[in-house]
Novice: 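I have a structure here, written as structure tokens, and I will follow up with some questions on it.
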Amino acid sequence: MYPGPQVEAAALENRRYGPPGQPEGPRLVQYTTVNITTDPPRDYIIWSFCCFLYSNPFCLGLAALIFSVRARDRKVVGDLQGAQHYGSTARCLNIISTVLVSILTLTVFIVTIALAAAAA
């Protein structure tokens with residue numbers, strides 16, 4: 001039978017931890033500062049304009065356009081918190097408007113096909 005690999009015991013008392021050249025004792029912690037530049041908040045002006053022109057149920061497209069313009073104004077002034085607030089409100093209004101018009105278009109399409117099939 002093969003006896004297997006031989007294992008040697010090594011003393012750990014004299015072992016140094018850390019980078020070489022650093023003094024023993026309390027360790028210094030080095031900090032690195034990273035400046036992250038955030039993108040300016042979006043104002044969704046084009047989406048709001050399209051919703052205003054093509055899908056404006058319950059004047060949601062107009063409200064989204066107004067909030068988009070306010071978000072753009074806040075961004076120009078430098079109020080990024082206000083621009084973020086108005087931009088997110090415009091985005092929500094655009095989503096609601098797009099979903100309502102999509103459901104309405106799909107419903108009209110299905111009803112038209114059903115009426116055409118019933119008439120034939």
Side-chain angles (χ1 to χ4, degrees):
M1 258 176 120
Y2 180 70
Q6 296 294 328
V7 178
E8 295 181 20
L12 297 176
E13 298 88 39
N14 295 331
R15 189 173 242 182
R16 295 193 66 190
Y17 295 101
Q22 293 289 326
E24 290 293 323
R27 295 187 182 158
L28 299 173
V29 179
Q30 297 178 355
Y31 293 100
T32 303
T33 304
V34 178
N35 294 329
I36 300 174
T37 57
T38 58
D39 294 332
R42 298 185 61 183
D43 53 14
Y44 304 102
I45 191 86
I46 295 179
W47 189 10
S48 298
F49 191 68
C50 289
C51 283
F52 175 67
L53 289 178
Y54 300 114
S55 58
N56 197 10
F58 308 114
C59 293
L60 290 175
L62 177 63
L65 185 63
I66 291 170
F67 277 101
S68 293
V69 170
R70 286 183 181 174
R72 182 164 285 194
D73 290 344
R74 294 284 96 197
K75 188 167 45 172
V76 168
V77 170
D79 180 16
L80 297 181
Q81 293 282 5
Q84 176 72 33
H85 173 71
Y86 285 126
S88 66
T89 304
R91 186 185 73 212
C92 289
L93 291 172
N94 284 327
I95 289 171
I96 293 170
S97 175
T98 303
V99 167
L100 285 176
V101 167
S102 298
I103 290 172
L104 182 68
T105 303
L106 187 65
T107 303
V108 167
F109 184 70
I110 290 172
V111 168
T112 304
I113 290 177
L115 290 176

Novice: A side-chain contact here means heavy atoms from C-beta on lying under 4.5 Å apart; do Arg72 and Val69 qualify?
Specialist: no
Novice: Within the 3.5 Å criterion, strictly below it, is a donor on Asn94 or Ser48 matched to an acceptor on the partner's side chain?
Specialist: yes
Novice: To the nearest 0.5 Å, tell me how far Leu100 CG sits from Phe58 CZ.
Specialist: 6.5 Å
Novice: Is the shortest heavy-atom distance from the side chain of Asp73 to the side chain of Val77 under 4.5 Å?
Specialist: no
Novice: Is there a donor-acceptor pair under 3.5 Å between the side chain of Ser97 and the backbone N or O of Leu93?
Specialist: no
Novice: Under 3.5 Å, is there a donor-acceptor pair between the side chain of Ser55 and the main chain of Val101?
Specialist: no
Novice: Taking Asp43 for the side chain and Ala71 for the main chain, is one N or O donor matched with an acceptor at less than 3.5 Å?
Specialist: no
Novice: side-chain contact (heavy atoms from CB on, under 4.5 Å), that's the test. Do Trp47 and Arg91 meet it? Break it down for me.
Specialist: CA-CA 8 Å; Trp47 189 10; Arg91 186 185 73 212; 4.0 Å; yes
Novice: Just wondering, do Gln81 and Asp79 contact through their side chains at under 4.5 Å, heavy atoms?
Specialist: yes
Novice: Do Val111 and Val108 belong to the same hydrophobic cluster, where Ile, Leu, Val, Met, Phe, Trp and Tyr are linked whenever their side-chain heavy atoms lie under 4.5 Å apart, directly or via other members?
Specialist: no
Novice: Is it possible for you to say whether Leu53 and Tyr44 belong to one hydrophobic cluster, with membership spreading through side-chain heavy-atom contacts below 4.5 Å?
Specialist: no
Novice: Drop me the distance from Ile46's CD1 to Leu65's CG, to the nearest 0.5 angstrom.
Specialist: 11.5 Å
Novice: For the CG atom of Leu60 and the OG1 atom of Thr98, what is their distance to the nearest 0.5 Å?
Specialist: 9.5 Å
Novice: Are Tyr54 and Ile45 connected in the hydrophobic side-chain network, where two residues link if heavy atoms are under 4.5 Å apart?
Specialist: yes
Novice: Any chance CG of Leu106 has more than 12 other-residue heavy atoms, nucleotides or ligands included, within less than 6.0 Å?
Specialist: yes
Novice: Grouping I, L, V, M, F, W and Y whenever their side-chain heavy atoms are under 4.5 Å apart, do Val76 and Tyr86 come out in a common cluster?
Specialist: no
Novice: Return the minimal non-hydrogen interatomic distance between Phe67 and Ala90, and the atom names on each side.
Specialist: CB-CB, 3.9 Å
Novice: Find out whether Pro41 and Leu80 are in side-chain contact, i.e. whether some heavy atom of one side chain is under 4.5 Å from a heavy atom of the other.
Specialist: yes
